[in-house]
Each structure stands twice: as structure tokens, then as C-alpha cells.
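We use all heavy atoms of the structure for the numbers below, so side chains are in, but hydrogens, waters and symmetry mates are not. Chain A is the first sequence line, chain B the second, and so forth, proteins listed ahead of strands; every chain is numbered from 1.
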Number of protein chains: 2
Amino acid sequence: MTDTPMREPTFLVLTALAAGPQHGYAVIEDVARMTDGRVRLRAGTLYAALDRLRTDGLIEVDREEVVQSRLRRYYRLTGVGETRLAAESSRLRQQATLAEGRLRARHDLGGAPA
Amino acid sequence: MTDTPMREPTFLVLTALAAGPQHGYAVIEDVARMTDGRVRLRAGTLYAALDRLRTDGLIEVDREEVVQSRLRRYYRLTGVGETRLAAESSRLRQQATLAEGRLRARHDLGGAPA
DNA sequence: GCAGCATATACCGATGACAGGTATATACGC
DNA sequence: GCGTATATACCTGTCATCGGTATATGCTGC
């Protein structure tokens, strides 16, 4: 079963990599930018997520660079990861639509219907 | 900070209650129906979530009934819960839109852009 | 010339939501 | 009497995430 619900940080890491290959630290910054600073990935969270996603085949190492004597490991979304991200997005959208529909119905009827 | 990301089962419990007061077992069935059988809440997951949501003031006990000598405790969404569910829905929709936009851009350019 | 900060990867312990199972009790069909 | 559906509740394990720390380099201000 691949349908274990993905947590928010993991989803955002995949979304970041959907824009193209990025290294870990850049992902942290991208996620912060995407969420208007609301989600600030911890180093522990990020690298654990990258390892997990790599083990699951959703991402893979794109290339490694050395910039100013510091290693930069770039990650890339795989085909499987792309499919998985699309499925997760669709699920999120459906659930949002569902909840919004029910919330709207409450107000249309002027209270909680039995 | 109330913006701790809500997990899927919890979100679905709130969505179920958004339709009107329901008792625990009915919530399990409603969630299964809503998700086409994909999400089958365990008893442990549900009642723990109900306790947590009640502690956090997102839901409250609506009434208690005894049907065929069995207790039925009905829960109701509070105003706080309604606001919270609306916020979560909006967040889910935004993230879905973001991911979908990036996935679409990949294909428009025929590959992962740098 | 060193303190502090940004960059960059990596490990570690604690927390907490959830899965899975079990216990309880009643009513119904077989 | 046994299994199943209804209904609530507890308990143990797992695992993603949080928060912190360690490592190392280069830049800026003092």
C-alpha cells in the first residue's frame, strides 16, 4: 500500500523538487518562500525526509557539486515521485472541496442541519 | 500557535461533523463513505481524536442518547472548530494548487527545468 | 584574529498522532 | 451458541516530525 497519507513537510519537499533539482538547504528556503515563512523545515526533518523519499524511490540524487569547499547534493523528482505528488495534490484538493462544501451548506441553512 | 498541521484522520473527523452532529460510530462510517472506503478510521484513532478535539475546543458534546441500551454520544463542531476547518481547507487547497502548478510547468517545458 | 552569522550536511532524543489490537456490552441472523 | 454489526474505550508500538547539537567553511564587523 502506497496510500499512506503523506505529512505536510514531506509533501512540501516534493513540491519544492517539482520545480527542478535542488540541494537540501535550497529546499528549506524554497519551502519557507512557498508557505510565506509559515513552514520552516528543521535540518533533522529535511534530511530524514530526503533519505526516506530516496529509499522509497520518489526522489534521487541528481548531482553533487562542491561550492566553496562545501558539498551540495542536488536531488531530483523521479517519475514515481511525480505520479505520487500528483496523486497527493488531487487528494488534498478533493478533501478541501469536500470540507468547504459542507461548511457552505451550514451557512446556507443558517445553522447545523441534523 | 494554532497552526500545527492537522493530520488527515483528524481533518476528516472535523469534516464529518461539519455536516451536523454525529456520534462516534457514525463518524467512522461517514469518513469511509466520503473517501470511497479509502480511509477506515480505527476505534483507537477516532476516540483519541475526539478527546483531543474536545480538549482543544474544536468540537463539543451535542447530546447523549440511549438506543437499544447502547450509549450514543453525539458531537458537534464549535465555532472555533468551524473556523479551524475552514483555515485547514484553504491551506490544503493552496498547497494542491502550488504542487499542481509546478507539475504542469514541468510538462509545458518538456522536462525538469533547472 | 575572533565572534557571529549564513551556508550546508548529518545525527540524536523526545513528542505525539495514528495503527492495530483488545475489552466491554447489546441485538440480530443462523 | 457463534459470528457479525453496533458502540465506546483503552493500550502498546511505530514513525514522522521537532528541537537541538555537531561538523565545517567563508564572509562581515569589531
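- Among the nucleotides dT17(D), dA8(C), dC18(C), the one closest to the side chain of Pro9(B) is dC18(C).
- Nucleic acid contact class of Glu65(B) (heavy atoms, under 4.0 Å, all strands): none.
- Mapping Ile28(B) and Met6(A) onto DNA chain D via the closest heavy atom, the residue that lands nearer the 5' end is Ile28(B).
- As a whole-Å value, the separation of Gln22(A) CD from dT7(C) P is 14 Å.
- Val39(B) and Ile28(B) fall within a single hydrophobic cluster, where Ile, Leu, Val, Met, Phe, Trp and Tyr side chains are chained together by heavy-atom contacts under 4.5 Å.
- If you measure from atom NE2 of His23(B) to atom C1' of dT6(D), you get 9 Å, rounded to the nearest angstrom.
- Using a 4.0 Å heavy-atom criterion, one finds that Gly44(A) contacts the bases of the nucleic acid, with or without backbone contacts as well.
- As a whole-Å value, the separation of Leu71(B) CG from dA23(C) P is 22 Å.
- No engagement by Glu64(B) is indicated, since no non-hydrogen atom pair under 4.0 Å with the nucleic acid exists.
- With Arg104(A) as the fixed residue, the side chain to side chain contact (heavy atoms under 4.5 Å, CB included) test singles out one of His107(A), Arg106(A), Glu100(A): Glu100(A).
- A straight line from CD of Glu29(B) to C1' of dT6(D) spans 8 Å, rounded to a whole angstrom.
- In this entry the distance linking CZ of Arg72(A) with P of dT7(C) reads 10 Å, nearest Å.
- Closest approach to the Thr10(A) side chain among dA17(C), dT17(D), dT8(D) is made by dT17(D) (side chain taken as heavy atoms from C-beta onward).
- A distance of 6.5 Å separates CD1 in Ile59(A) from OH in Tyr75(A), rounded to the nearest 0.5 Å.
- For Tyr25(B), counting side-chain heavy atoms from C-beta on, the closest listed nucleotide (dT9(C), dA7(D), dC18(D)) is dA7(D).
- Remark: Arg42(A) is not in phosphate contact with dT17(D), judged by side-chain N or O atoms under 4.0 Å from OP1 or OP2.
- A salt bridge links Glu8(B) with Arg38(B): the closest approach of a Lys/Arg side-chain nitrogen to an acidic carboxylate oxygen falls below 4.0 angstrom.
- Per the geometry, CZ belonging to Arg63(B) stands 12 Å off P belonging to dT8(D), to the nearest Å.
- Closest to the side chain of Ala49(A), from the set dT17(D), dA7(D), dA8(C), is dT17(D).
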Show the distances under 3.5 angstrom between N or O atoms of the protein and N or O atoms of nucleotides 13-16 of chain C.
none

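- Computed from coordinates, the Tyr47(B) OH to dA19(C) P distance equals 15 Å when rounded to whole Å.
- We find that Arg73(B) and Glu65(B) are not joined by a salt bridge, their nearest charged nitrogen and carboxylate oxygen being 4.0 Å or further apart.
- Counting only heavy atoms from C-beta on, Ala43(A) has its side chain closest to dA10(C) among dA9(D), dT6(D), dA10(C).
- Rounded to the nearest 0.5 angstrom, Thr10(A) OG1 and Asp56(A) CG are separated by 9.5 Å.
- Look at CG on Leu46(A): it is 8 Å from P on dT9(C), rounded to the nearest Å.
- A salt bridge between Asp30(A) and Arg102(B) is present, with a side-chain N of the basic residue lying under 4.0 Å from a carboxylate O of the acidic one.
- Ion pair Glu29(B)/Arg33(B) not flagged as a salt bridge, since none of the NZ, NE, NH1 or NH2 atoms sits closer than 4.0 Å to an Asp/Glu carboxylate oxygen.
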